[in-house]
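Contents: one structure, followed by commentary.
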Amino acid sequence: MTFHFSFLRLLSLLGLCAWRSFGLAALATQSAGHPQSTNGKPIAHFVDVAQKAGLSAPVIFGGENTKKYIIETTGTGVAIFDYDNDGWPDIFVVNGTTLDPLPSGKAPTSHLYRNNHDGTFTDVTAKAGLTHTGWGQGVCVGDYDNDGWEDLYVTYYGKNVLYHNNGDGTFTDVSEKAKVAGSGKAWGTGCAFVDYDRDGKLDLFVANYVDFDLSTTPAPGERPSCMWKGVAVMCGPRGLPWAKNILYHNLGNGTFEDVTAKARIDQTNGHYAFSVSTLDYDDAGWPDIYVACDSTASILYHNNHDGTFTDVAVVSGAAFNDDGREQAGMGSTVADYDGDGKLDLFKTNFSDDTSTLYHNNGDGTFDDKTFPAGFGLNTQYLGWGVAFFDFDNDGWPDLLLANGHVYPEVDSQHLGSNFKEPRILYHNNGNGTFTDISSSAGPAITAVSSSRGLAVGDLWNDGRMSAVVSNMNAPPSLLVNDARNANHWIAFRTIGVKSNRDGIGARITVKAGARTLVDEVRSGSSYISNNDMRVHFGLGRATKIDWVQVRWPSGLVERFENLSSDSIHALREGSGTLVNPPPAKP
């Protein structure tokens with residue numbers, strides 16, 4: 001995660017080229033003059049209701065005041081999903097452990113919180129059978145056996161765990177039987193279920209971080225890569241061996257095959273991989289895979305439609321920032337932020353650097369629009385979880401970032417950052433730019449934590465998008481926006497028939513008046529987390545939906561009409577009006 005980079009010095013060397021000068025001027029204008037309220041009322045006022053709602057178990061992860069090894073720094077992910085099919089999203093928070101031995105029976109477990117439909121949650125971890133312990137990392141959700149119940153995959157430093165949902169409120173660890181546990185020596189981070197070959201069965205992509213061996217890892221300050229701003233800190237990832245990513249193909253009989261080599265995933269080497277976001281970036285009807293990597297170039301696996309992938313991150317412009325530099329990427333998120341019908345990418349990075357916005361040009365390439373869009377100022381923060389979500393339902397996806405440093409020494413040594421940091425909330429202005437409204441967005445945004453995973457979802461089924469954040473050595477946060485407005489919304493749960501049961505990979509297009517809104521159903525994303533997979537769109541003042549079009553992973557394209565706003569709709573494959581016959585697969 002160490003990223004030796006002086007942003008101001010680089011700007012000076014580059015002489016502030018014209019477009020960037022324009023971008024910085026735009027930033028100053030937005031920060032100073034953009035209205036942050038509607039009719040005199042704030043558009044956002046987020047409060048943390050986690051304690052009141054019953055999300056009380058702390059996320060235990062390494063030492064609190066010192067981090068001797070990199071394994072203590074990465075934190076955990078969060079998933080929002082409906083495990084019991086009652087129509088209300090539940091919450092799963094991955095937990096970690098410590099280097100120091102813990103008393104017998106006191107090892108932390110992950111936690112599953114059942115939604116009580118009244119603003120509170122009940123911890124049902126033990127009843128559900130989710131009491132595994134260890135260095136938990138990320139989580140992704142998908143119905144891998146198409147039985148109508150959402151399953152969980154949890155990554156670890158060590159063996160990963162696939163939990164099969166039994167449909168009765170309990171889960172069974174089927175990792176070894178399904179052949180997705182791994183060797184036990186890997187460090188799994190992000191993951192995503194994705195039907196990469198469109199055969200109707202969900203496959204599984206797993207990102208791996210460092211080939212880490214505690215017995216051989218150098219101590220803080222022992223090597224140049226174990227120093228940061230002149231202070232001895234934990235080592236890595238630079239100077240440590242990288243690990244390869246893994247792709248598992250679903251065989252349809254409850255087991256998976258490791259097709260990493262066959263699919264050419266192993267052709268991309270030398271990366272420290274973190275978050276996984278799937279998107280069909282070239283609108284070809286086949287899912288591609290974007291991986292944010294720490295201290296190394298990002299990866300963009302382009303789907304070749306024949307069971308193989310090619311890393312096109314460099315040639316597409318999604319590997320580096322606009323200065324051609326590697327960044328220390330953590331989290332990533334996907335949305336059509338400017339309403340042009342193409343899915344864009346946003347990535348969080350290490351401190352003393354900006355986050356990065358990659359604009360999709362529609363021709364297979366991306367442009368770095370970080371500065372023109374207004375993301376060039378908050379360089380003091382170290383970003384992790386991130387999500388595009390329309391918190392005010394105005395029809396333009398906003399951005400929420402969770403932050404927190406990896407070095408506790410930044411506080412005691414006064415290194416220009418803080419270990420605990422506030423969140424950042426950017427409001428989408430609807431013109432390709434964003435305004436940082438964090439300071440006026442409520443106490444849950446300005447409160448400081450060392451945060452990691454973040455997931456967003458409509459926990460109350462009322463169109464209000466909330467967020468769950470995993471905090472290092474503290475209980476999670478549940479961020480709820482209590483600022484109300486008159487905007488409308490619509491959301492969709494996809495039910496595949498020929499496609500995978502979740503409809504993961506389906507592209508949804510909403511036509512409402514002059515606006516055309518686009519997004520996809522996806523597993524994973526953010527920082528090693530999983531959002532509510534129901535696709536949510538803000539509609540602004542529009543009350544009428546002209547039509548909704550779904551391109552299913554099977555290739556079927558159909559439209560649904562006469563759908564009411566301010567509602568969650570279940571769209572079943574084959575029940576709409578056929579737009580075109582599905583193309584034959586090669």
Side-chain angles (χ1 to χ4, degrees), residues 5 7 10-11 14-31 34 275 277 279-283 288 290 292-293 297-300 312-350 353-379 381 383 386-390 394-401 424-438 516-519 525-526:
F5 173 61
F7 172 69
L10 180 59
L11 285 183
L14 291 175
L16 287 175
C17 56
W19 74 265
R20 187 156 293 186
S21 295
F22 170 79
L24 287 170
L27 277 173
T29 300
Q30 291 166 37
S31 298
H34 185 81
S275 69
S277 290
L279 75 160
D280 180 8
Y281 78 94
D282 55 354
D283 201 12
D288 310 297
Y290 179 78
C293 299
S298 301
I299 302 169
L300 179 57
V312 299
V314 173
V315 296
S316 70
F320 310 108
N321 69 0
D322 196 61
D323 300 318
R325 296 182 64 97
E326 296 173 340
Q327 295 176 285
M330 307 297 172
S332 59
T333 186
V334 180
D336 176 16
Y337 79 91
D338 58 350
D340 65 357
K342 298 179 286 288
L343 294 175
D344 311 295
L345 284 163
F346 185 91
K347 178 168 68 77
T348 55
N349 297 306
F350 204 78
D353 193 7
T354 68
S355 296
T356 311
L357 175 66
Y358 293 108
H359 176 262
N360 189 334
N361 298 320
D363 59 1
T365 68
F366 293 83
D367 281 339
D368 182 343
K369 295 292 186 181
T370 303
F371 281 83
F375 297 121
L377 292 182
N378 288 311
T379 59
Y381 301 131
V386 59
F388 277 114
F389 76 134
D390 190 354
D394 66 352
W396 299 94
D398 311 297
L399 264 170
L400 176 64
L401 283 68
I424 306 175
L425 183 64
Y426 290 104
H427 183 250
N428 191 327
N429 300 321
N431 61 1
T433 70
F434 292 75
T435 297
D436 179 355
I437 63 169
S438 308
T516 301
L517 312 172
V518 177
D519 204 351
S525 202
S526 183

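Listed here is the closest heavy atom pair of Ser298 and Ala313: O-CB, 3.3 Å. A pairwise comparison of heavy atoms in Phe375 and Thr354 identifies O-CB, 3.7 Å as the closest pair. Between Ser316 and Leu300, the shortest heavy-atom contact is OG-CD2, 3.6 Å. In terms of heavy-atom proximity, Asn360 sits nearest to Tyr281 at ND2-O, 2.9 Å. Contact detail for Ala318 and Phe366: the closest heavy-atom pair is CB-CD1, 4.1 Å. Summarising the geometry of Ser355 relative to Phe346, their closest heavy-atom pair is CB-CZ, 3.3 Å, with the distance given to 0.1 Å.
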Worked check of side chain to side chain contact (heavy atoms under 4.5 Å, CB included) between Leu345 and Val334: CA-CA 5 Å; Leu345 284 163; Val334 180; 3.7 Å; yes
Derivation of the side chain to side chain contact (heavy atoms under 4.5 Å, CB included) call for Asp390 and Asn428: CA-CA 9 Å; Asp390 190 354; Asn428 191 327; over 6 Å; no
Test side chain to side chain donor-acceptor pair (under 3.5 Å) applied to Ser332 and Ser277, step by step: CA-CA 7 Å; Ser332 59; Ser277 290; 2.8 Å; yes
Pair Thr356-Asn349, side chain to side chain donor-acceptor pair (under 3.5 Å): steps then yes or no: CA-CA 8 Å; Thr356 311; Asn349 297 306; 3.1 Å; yes
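Scored by the salt bridge (Lys or Arg N to Asp or Glu O under 4.0 Å) test, Asp340 finds Lys342 as partners (sequence neighbours excluded). Applying the ring-ring contact (aromatic ring centres under 6.0 Å, His included) test to Tyr290 and every residue at least two apart in sequence or in another chain returns nothing. Tyr337 pairs by the side chain to side chain donor-acceptor pair (under 3.5 Å) definition with nothing, not counting sequence neighbours. In this structure, Phe389 has no ring-ring contact (aromatic ring centres under 6.0 Å, His included) partners at least two apart in sequence or on a different chain. By the side-chain contact (heavy atoms from CB on, under 4.5 Å) test, Val315 is found to be paired with Val312, residues two or more places apart in sequence or in another chain being considered. With sequence neighbours excluded, no residue forms a salt bridge (Lys or Arg N to Asp or Glu O under 4.0 Å) with Asp282. Scanning for ring-ring contact (aromatic ring centres under 6.0 Å, His included) contacts around Tyr381 gives an empty result, with sequence neighbours left out. For Asp338, the salt bridge (Lys or Arg N to Asp or Glu O under 4.0 Å) criterion is met by no residue, not counting sequence neighbours. Checked against side chain to side chain donor-acceptor pair (under 3.5 Å), Thr348 has no partners two or more places apart in sequence or in another chain. Qualifying side-chain contact (heavy atoms from CB on, under 4.5 Å) partners for Ser526, counting only residues two or more places apart in sequence or in other chains: Leu454, Ser529. Scored by the side chain to side chain donor-acceptor pair (under 3.5 Å) test, Asp344 finds no partners at all (sequence neighbours excluded). Residues passing the side-chain contact (heavy atoms from CB on, under 4.5 Å) test with Asn361, sequence neighbours excluded: His359, Asp363, Thr365, Asp367.
Taking 4.5 Å as the limit, every side-chain heavy atom of Asp436 sits out of range of all side-chain heavy atoms of Leu377. Side-chain contact between Asp394 and His427 is present, with heavy atoms from C-beta onward closer than 4.5 Å. In this structure the side chain of Leu517 never reaches within 4.5 angstrom of the side chain of Asp336, judged on heavy atoms.
Just one of Asn378, Asp398, Thr433 meets the side-chain hydrogen bond (donor to acceptor under 3.5 Å, both in side chains) condition when paired with Tyr426; it is Asn378.
Side chain of Ser438 to main chain of Leu425: a donor-acceptor pair is present (N/O by atom type, distance under 3.5 Å, no hydrogens or angles). Counting only distance, with no hydrogens or angles, the side chain of Asn429 and the backbone of Asn431 share no donor-acceptor pair below 3.5 Å.
Within the model, atoms OG1 of Thr370 and CG of Asp368 stand 3.5 Å from one another, a figure rounded to the nearest 0.5 Å. The distance from atom CZ of Phe320 to atom CD of Gln327, rounded to the nearest 0.5 Å, is 10.5 Å. A distance of 6.0 Å separates CG in Leu279 from CG in Asp288, rounded to the nearest 0.5 Å. Atom CG of Asp322 is separated from atom CZ of Phe371 by 9.0 Å, given to the nearest 0.5 angstrom. Here the CG atom belonging to Asp283 is positioned 8.0 Å from the CG atom belonging to Leu343, to the nearest 0.5 angstrom.
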